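Read through the structure below, which is laid out as structure tokens, and then see the notes.
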Amino acid sequence: MDKVTVKVINKSKNPLPQYGTPYSAGMDLRANLDEPVVMKPMERKLIPTGIFMELPAGYECQIRPRSGLALKSGITVLNTPGTIDADYRGEICIILINLSAEDFVINNGDRICQMVVAQHSTVEWAQTEVLEGSERSAGGFGHTGVK
């Protein structure tokens, strides 16, 4: 397994993000709140984490929903996956939405999403007039059928 060092400042009252198991891809991020936040049905809120980081060039951080929170409570990340670029230095804040029919309360320290740090490539475009054919070609949106 590859490891990368990421500089981090933790201004929250919570521990640093951490992996739940040895083979987890994502680390849980926690809400950094002075008082509970109530989310009404279909309401979206920006939730601070108190985490600031410096990703190395060539890396990004993806913010993804926690599956248990989505299934059990209808709480998900609105712009999923959210992307944090290597040159961003501000606080990581999470856009959550309550898709349930009930109010949902977020407390300080609640695990609200997961964060995956990954390498990425930078594209260099090669403009052309013709693309090579493929088995799929231009087929999309259900072109392989239901079964």
Side-chain angles (χ1 to χ4, degrees), residues 1-132 134 136 138-142 144:
M1 239 183 300
D2 292 336
K3 289 192 177 185
V4 62
T5 300
V6 176
K7 293 180 181 177
V8 64
I9 297 172
N10 185 359
K11 293 187 177 180
S12 79
K13 306 162 212 72
N14 303 305
L16 285 173
Q18 51 194 304
Y19 296 103
T21 68
Y23 298 115
S24 294
M27 295 175 269
D28 289 333
L29 279 174
R30 296 177 182 271
N32 182 44
L33 302 170
D34 292 326
E35 56 189 41
V37 170
V38 177
M39 293 185 69
K40 301 280 186 203
M42 296 307 297
E43 186 175 31
R44 61 188 178 271
K45 297 248 181 171
L46 188 64
I47 307 297
T49 67
I51 300 293
F52 300 72
M53 66 181 171
E54 182 181 330
L55 291 167
Y59 283 83
E60 65 157 334
C61 178
Q62 293 181 8
I63 302 300
R64 302 176 183 178
R66 294 190 70 240
S67 57
L69 197 56
L71 178 63
K72 295 173 186 170
S73 302
I75 304 299
T76 192
V77 176
L78 187 57
N79 62 324
T80 191
T83 299
I84 299 169
D85 297 308
D87 55 355
Y88 178 70
R89 297 294 184 269
E91 180 178 12
I92 299 172
C93 293
I94 310 303
I95 305 169
L96 293 182
I97 187 166
N98 180 357
L99 297 176
S100 77
E102 317 237 336
D103 288 0
F104 184 79
V105 178
I106 302 170
N107 294 293
N108 182 60
D110 284 354
R111 296 177 298 158
I112 56 171
C113 68
Q114 54 182 328
M115 172 176 77
V116 175
V117 176
Q119 282 186 293
H120 68 84
S121 299
T122 299
V123 171
E124 185 175 302
W125 295 108
Q127 197 162 346
T128 185
E129 298 297 321
V130 179
L131 301 176
E132 288 186 33
S134 70
R136 180 177 181 173
F141 298 109
T144 59

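Model, not experiment: these values are computed from the prediction.
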For residues 44-66, which side-chain donor-acceptor pairs fall under 3.5 Å, sequence neighbours excluded?
residue	atom	partner	partner atom	Å
T49	OG1	I51	N	3.2
T49	OG1	I92	O	2.6
E60	OE2	Q62	NE2	3.0
Q62	OE1	R64	NE	3.1
Q62	OE1	R64	NH2	2.6
R66	NE	D28	OD1	3.1

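- With rounding to the nearest 0.5 Å, the separation of SG in C113 from CD1 in I75 is 12.5 Å.
- Under the rule for a salt bridge (Lys or Arg N to Asp or Glu O under 4.0 Å), K11 has no partner lying at least two apart in sequence or in another chain.
- Taking all atoms of both residues into account, the shortest heavy-atom contact from N10 to S12 is OD1-OG, 2.6 Å.
- A donor-acceptor pair under 3.5 Å is absent between the side-chain atoms of S24 and the main chain of G26, judged by distance alone.
- At least one side-chain heavy atom of V117 sits less than 4.5 Å from a side-chain heavy atom of M27.
- One distance of note links CD1 of I97 with CD of E43; it measures 9.5 Å at 0.5 Å rounding.
- Taking CG of L78 as the reference point, atom CG of N98 lies at 12.0 Å (rounded to 0.5 Å).
- In this structure, CG in N79 is found 8.5 Å from CD1 in I94, a value given to the nearest 0.5 Å.
- Nearest approach of A31 to N108, heavy atoms of both residues: O-OD1, 3.2 Å.
- Considering all non-hydrogen atoms of both residues, S100 and S73 come closest at CB-O, 3.4 Å.
- The minimum heavy-atom distance linking D103 with P41 is given by the pair OD1-CD, 3.4 Å.
- In terms of the salt bridge (Lys or Arg N to Asp or Glu O under 4.0 Å) criterion, residue partners of D34 (sequence neighbours excluded) are, by chain and number, K13.
- Note that the CG atom of L69 and the CG atom of D110 stand 8.5 Å from one another [nearest 0.5 Å].
- In this structure, CZ in R30 is found 6.0 Å from CZ in R111, a value given to the nearest 0.5 Å.
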